[in-house]
Amino acid sequence: MNYQQARQRMLENQIEGRGINDPLVLAAMGAVEREKFVTASYADLAYADSALPIACGQTISQPYIVAHMIEALVLKGGERVLEIGTGSGYAAAVLAKTARQVITIECIAELADSARKLLTELEYDNIVVITGDGTKGNEENAPFDAIVVTAGGPQVPKSLNRQLKIGGRMVIPVGPNETFQELVLITRKSEEEYSQEKLCEVRFVPLVGAEGWG
Ligand code: SAH
């Protein structure tokens, strides 16, 4: 299987073909080797137009959704970004190529450990993987220019709202049950004001934890 060709086709058909046009996002999606982030038995499907299972009953998101979420953050390359839900580490790798620093939090230790190891091997030196409950964010490194949540919760965690810079953007799937969500873009307008815009319907694995599904 020629992964480079498959990645190029994915970029043209699934990403550019569906209207993603931010050059930083396109370059990152064209560079990150998704085949390294999927389970070995799914390597041939690495560039398929779908989410795929990873260890511990979790998933690596569909390439288009990763690109769509990151494009909505309008990154220019100099930002510090917080990701909740490291999973395979794939979205963190794409973010690392569109921002200055990525702090990513994963609550399942086995996944955090394997993503940390893989990202180190692949020499992503601007990503810090933290094991813990991401619904509380990461006070130590806050505030963030952008926050992306890759699991679906019942509401926007208050801690994440507080840790977003004024002018910063957050993308998060929010829904009434654990399998159906709307992808929401939040912009912090001032100390107290936030605007919300719905982007599309999505299906993410549940956001668990103190400010998630519990
Ligand atoms: N961004 C990932 C997608 C992973 S799926 C990728 O590119 O592969 C979502 C992940 O969120 C799962 O690994 C799940 O364990 C994790 N998760 C769910 N609730 C969480 C929480 N409160 N804190 C941190 N991670 C969480």
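For ligands, and for the atoms within them, numbers begin at 1 and follow the listed sequence.
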**Student:** Taking non-hydrogen atoms only, is Gln58 closer than 4.0 angstrom to ligand 1 via side chain, backbone, both or neither?
**Tutor:**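 Under 4.0 Å from ligand 1, Gln58 contributes side-chain atoms alone.
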**Student:** How far is atom 7 (O) of ligand 1 from its nearest protein heavy atom, and which residue and atom name does that atom have?
**Tutor:**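 I find the closest protein heavy atom is Ala91 N, 3.1 Å.
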**Student:** Which ligand 1 atoms, with their elements, are less than 4.0 angstrom from a heavy-atom of Ile108?
**Tutor:**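 Those atoms are 15 (O).
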**Student:** Inspect the surroundings of CD in Glu121 and state if more than 12 heavy atoms from other residues, nucleotides or ligands are less than 6.0 Å away.
**Tutor:**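 Above 12, so yes.
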**Student:** Does Glu83 come within less than 4.0 angstrom of ligand 1, counting non-hydrogen atoms of the residue?
**Tutor:**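 In this structure, Glu83 qualifies as a contact of ligand 1 - some heavy atom is under 4.0 Å.
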**Student:** Would you say Val94 touches ligand 1, if touching means a heavy atom closer than 4.0 Å?
**Tutor:**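 The answer is no, since Val94 has no heavy atom less than 4.0 Å from ligand 1.
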**Student:** Using a 3.5 Å distance criterion without hydrogens, assess whether the side chain of Glu178 forms a donor-acceptor pair with backbone atoms of Leu207.
**Tutor:**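 Answer holds: no.
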**Student:** Taking only heavy atoms of Pro206 into account, list the atoms of ligand 1 that are under 4.0 Å away from them.
**Tutor:**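 Going through ligand 1 atom by atom, the ones under 4.0 Å from Pro206 are 18 (C), 19 (N).
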**Student:** Heavy-atom contacts under 4.0 Å between Leu207 and ligand 1: side chain, backbone, both, or neither?
**Tutor:**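 The answer is both, backbone and side chain.
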**Student:** Which atoms from ligand 1 have a heavy atom of Ser88 less than 4.0 Å away?
**Tutor:**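 Those atoms are 6 (C), 7 (O), 8 (O).
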**Student:** Among all protein non-hydrogen atoms, which one is nearest to atom 17 (N) of ligand 1, and what is the separation to 0.1 Å?
**Tutor:**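 So the nearest neighbour among protein heavy atoms is Cys107 SG, 3.7 Å.
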**Student:** Test of understanding: given a 4.0 Å heavy-atom threshold, classify the contact between Leu111 and ligand 1 as side chain, backbone, both, or neither.
**Tutor:**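 The answer is the side chain of Leu111.
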**Student:** Is any side-chain N of the basic residue among Arg18 and Asp49 closer than 4.0 Å to the acidic one's carboxylate O?
**Tutor:**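 The answer is yes: the pair qualifies as a salt bridge.
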**Student:** Mark yes or no for whether Asn126, through its side chain, and Ala96, through its backbone, hold a donor-acceptor pair below 3.5 Å.
**Tutor:**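 Confirmed, Asn126 side chain pairs with Ala96 backbone.
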